[in-house]
Structures are given as structure tokens and as C-alpha cells.
Amino acid sequence: MGVNLSGVIECREVDLGYLSGRKVTIDAYNTIYQFLSIIRQPDGYPLCDSKGRVTSHLSGLLYRTANLIESGIEPSFVFDGAPHELKRTTLDKRKTRRDDAEKEWEKAVREGDLKKAFTKAQQTSRMTDEIRDSSMRLLDLMGLPLIEAPGDGEAQAAYMCAKGDVWASASQDYDSILFGAPRLVRNMTITGRRKVPGRDEYRTVRTEIIESEEALKHIGLTREQLVDACILMGTDFNPGLSGIGPKRGIKLIKDHGSLEKALKHIGQDIPDYEDVRGIFLDGEYSDAYRLNPEDMDRDGVIDMLAGYDFTESRIVSALDKIDSARAANKAKRQQRSLDSWF
DNA sequence: CTCGATTA
DNA sequence: TAATCGAGG
């Protein structure tokens, strides 16, 4: 879920090609959830192989990553490590919501309400060990850099971005800004018109770039203060105060300068607020990572995905896309170094 | 979400 | 060539 900062964060829309030649590290869990939620059949069931294993995430990862690489992007994937104990409540709440949605999904299918079934099914998406393992295996076979974060993946992504090892962190959530990422990419997909399911409507989804420094200046807070504002409105690590959303949270910190003063003024308390601050401002991270792709194990990818009932011609065309993009980028790099020599 | 055959 | 839409696994 992450913090709710939509509407207060300034961004600029770009084409995917704008990211060409840049290393972008992707919040793997966030992306996989997206795939599990969206890549479904009309009744809400995810794509599965003949053995009943979910394959929605593998489909999404293969095809989207091929497109990103074709656009010249150099992707890497950060996976979450162990969740912080303060996230327990959020995780429990999500489980309850999933269980409730599952019952309503079954009911909607029985009643033949496909639209409702789809919506409810989307809310049942769950990251299992099998989904995590198969995702990592596929990305590894594709030669893509995987980073296993010691803690929150967004903290690790923000660290690599702040160090300048990657140009941006990619996620739908805004948390990496709180973790200190200088740059965030949202909607990193092939952009364009998207049909709204079940209706004759279209909306345009475009890739967004958020420059943290600019966004913070626009809001009028420092990063530390934005963290404080988010603690007031609630994060994955604390529930926040009721009735306080982005607008009020930001105003309270602007008016009073800090969380302590804001809390004193409204006469309320937030237990563990210092710990939550620490999670965002002194996050756990690792230096043991590589960000350059390796040669992909073509047969390995084909064997793996064929085992999940993927059509071989589709796998091959995605892999061809990657190979030719990598060859083209290699040629470009060689040309550049040749140019700089003369 | 993305693919790719079909359609205009 | 571009938009559309059912299928993918």
C-alpha cells in the first residue's frame, strides 16, 4: 500500500523512451502484486498452468521487462527482506481484507456478477513463496540483476538511487521518496490509451517522473518533515490519526515545524513515532549488489516457461526483443567510446 | 498487463 | 497503419 501522497506530489509525464540508457531499479513486490491483481480472466481467476500454478506474474515480468529493455532501460529488481515488526498490523489487516474479498469473490461468481467478481478477485492477490521463487528464477535466467534487500525493498532502492548507482527507483508507491530516493518513476509501462474494463471508456496512462527535491520544494517541506506528515496520516508502520490525510498532515507540519510540536498542538500522541521515523530515515540496506545484466540463459528461460505452459513462439519473440535491444545498446556504447577516443 | 490476429 | 478485442496460462 504505502503512504498516500497522490495529489500532493508533483510529477512530470514522459515517454518510456525518456528512460533510455538509464539504470532503473524496480520494486519487485510492488510490480508482482500489480501483475497478480490485473492479469486475470473475466471471472477474476488468475492465469494458471495445467498444474494449477499461478502464472500471471511470470507473464507480466517476461513481457514487460522485454519492453523496458527494448526501450533502452537497464532494469534491476529489488526484493523485500524481512518486514519490520511495526508492519505486523498492516500485514494482518491485509490478510483479513484478502480473506473477506475471497468470500465475496466466490459469492459474485455464484451470482454471475462478473464485474464484481473481478474486482473482488483482484483484492485477493497474495505473494506466496512459490510466486516469489518463480519470479526470482525467471529474472535470474533472463540475466537481470536481483537485489535481496535486508529490510524494506524501497529502502534498498532509495539507497542505490541516492548513491547514484541507479538513476531512479520504480514503484507505484511513494515510500521510496520518504526513504530518500532522489527520483521515482511511476507507471513504468508501455504508455498509451487503456480501456477501462467493462465500460466504453479510455484513460491515458503515462509514465511519471518525480524528482524528490522539486516535489519537496513544491510541498514546502523537507524530507524529514514529509516523513513526519506521513506519520500523522499513517504509514505501513503506524495507523496515523483518524481524520488526517495528506492535506491536513502536511498543513500541521508546515504550521508547527515538526511532529512533536504538531502532536502537542492537537493534544494527541502517536506511540512508536520515533521508531517509524527511524525506519524511513535510517533504513536498512546492503552494499552487496551488482546492477549490470549477465548473458541470459535462453534455453533455461524457454524450459522454465514451457513448463508453465507458455507458448514457445511467444517466449522466443520476447527473448529476441531483449537480445536485439542488448546488441543495439552494446553497439551504441562501443560507438560512444570510439567517438570519445577520437 | 501485454500479445497478436482481425478489422476498418 | 492504427485501433480493437479476445486470449494468454
Side-chain angles (χ1 to χ4, degrees), chain A residues 13 15-17 19 24 26-73 75 77 105 109 112 114-115 117-128 130-139 141-142 144 170-173 185-208 300-325:
Chain A
E13 296 184 339
D15 292 327
L16 205 53
L19 301 171
V24 177
I26 297 169
D27 178 351
Y29 270 34
N30 185 269
T31 303
I32 291 167
Y33 268 119
Q34 218 90 24
F35 291 144
L36 292 174
S37 152
I38 292 161
I39 306 181
R40 284 172 184 270
Q41 302 169 74
D43 58 4
Y45 282 91
L47 295 188
C48 291
D49 69 2
S50 54
K51 292 173 187 151
R53 295 177 297 182
V54 174
T55 55
S56 298
H57 59 299
L58 300 175
S59 176
L61 285 172
L62 174 71
Y63 298 126
R64 182 182 289 177
T65 307
N67 283 326
L68 295 181
I69 294 171
E70 189 177 44
S71 296
I73 298 169
F77 291 81
W105 172 23
V109 170
L114 285 189
K115 208 167 148 190
F118 193 93
T119 317
K120 292 299 169 189
Q122 283 189 308
Q123 297 165 10
T124 67
S125 307
R126 191 169 148 258
M127 173 79 65
T128 60
E130 194 183 342
I131 288 170
R132 179 189 161 98
D133 293 348
S134 54
S135 298
M136 292 180 101
R137 184 155 156 254
L138 174 62
L139 294 169
L141 288 169
M142 290 167 80
L144 292 158
S171 177
Q172 291 305 101
D173 290 347
V185 182
R186 299 183 73 243
N187 304 334
M188 195 169 70
T189 64
I190 53 172
T191 57
R193 267 157 56 98
R194 289 282 158 70
K195 196 175 181 301
V196 178
R199 213 177 293 174
D200 265 347
E201 277 176 34
Y202 289 87
R203 70 199 170 100
T204 308
V205 179
R206 299 207 60 197
T207 303
E208 296 175 2
V301 174
I302 293 171
D303 283 350
M304 174 181 172
L305 293 180
Y308 283 97
D309 300 340
F310 277 63
T311 308
E312 182 159 340
S313 62
R314 285 189 173 212
I315 309 170
V316 167
S317 75
L319 297 185
D320 285 347
K321 230 184 230 185
I322 294 173
D323 271 341
S324 54

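Just so it is clear: chains get the letters A, B, ... in the order the sequence lines come, proteins before strands, and each one is counted from 1. Everything quoted here is computed from the prediction, not taken from an experiment.
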Hey, is the side chain of [X] poking within less than 4.0 Å of OP1 or OP2 on [N], counting only N and O atoms?
X       : N      : answer
R314(A) : dC3(B) : no
S317(A) : dG4(B) : yes
N67(A)  : dC1(B) : no
K321(A) : dC3(B) : yes
T311(A) : dG9(C) : yes

R137(A), CZ atom: more than 12 neighbouring heavy atoms under 6.0 Å: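 It does not: R137(A) CZ has 12 such atoms or fewer within range.
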
Separation of [N] [atom2] from [X] [atom1] (nearest whole Å):
X       : N      : atom1 : atom2 : answer
L68(A)  : dC1(B) : CG    : C1'   : 12 Å
N187(A) : dT2(B) : CG    : P     : 11 Å
R40(A)  : dA7(C) : CZ    : P     : 19 Å
L319(A) : dC3(B) : CG    : C1'   : 15 Å
I190(A) : dC3(B) : CD1   : P     : 5 Å
D43(A)  : dG6(C) : CG    : C1'   : 14 Å
L58(A)  : dT2(B) : CG    : C1'   : 14 Å
D320(A) : dG4(B) : CG    : P     : 11 Å

Return the nearest nucleotide to the side chain of [X]; candidates are [options].
X      : options                : answer
I39(A) : dG9(C), dT2(B), dC1(B) : dC1(B)
F35(A) : dC3(B), dC1(B), dG9(C) : dC1(B)
I38(A) : dT2(B), dC1(B), dG9(C) : dC1(B)

Distance in Å, F310(A) CZ paired with I315(A) CD1, rounded so as to fall on 0.5 Å steps: 7.0 Å

Distance (rounded to the nearest 0.5 Å) between Q34(A) CD and S125(A) OG: 9.5 Å

Sugar-phosphate only, base, or nothing, as touched by P42(A) at under 4.0 Å among non-hydrogen atoms: nothing

Sugar-phosphate only, base, or nothing, as touched by Q41(A) at under 4.0 Å among non-hydrogen atoms: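 Counting heavy atoms under 4.0 Å across all strands, the contact made by Q41(A) includes a base.
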
Sidechain N-carboxylate O distance under 4.0 Å for R186(A), D173(A): no

Between T55(A) and D49(A), a side-chain donor and acceptor under 3.5 Å: no

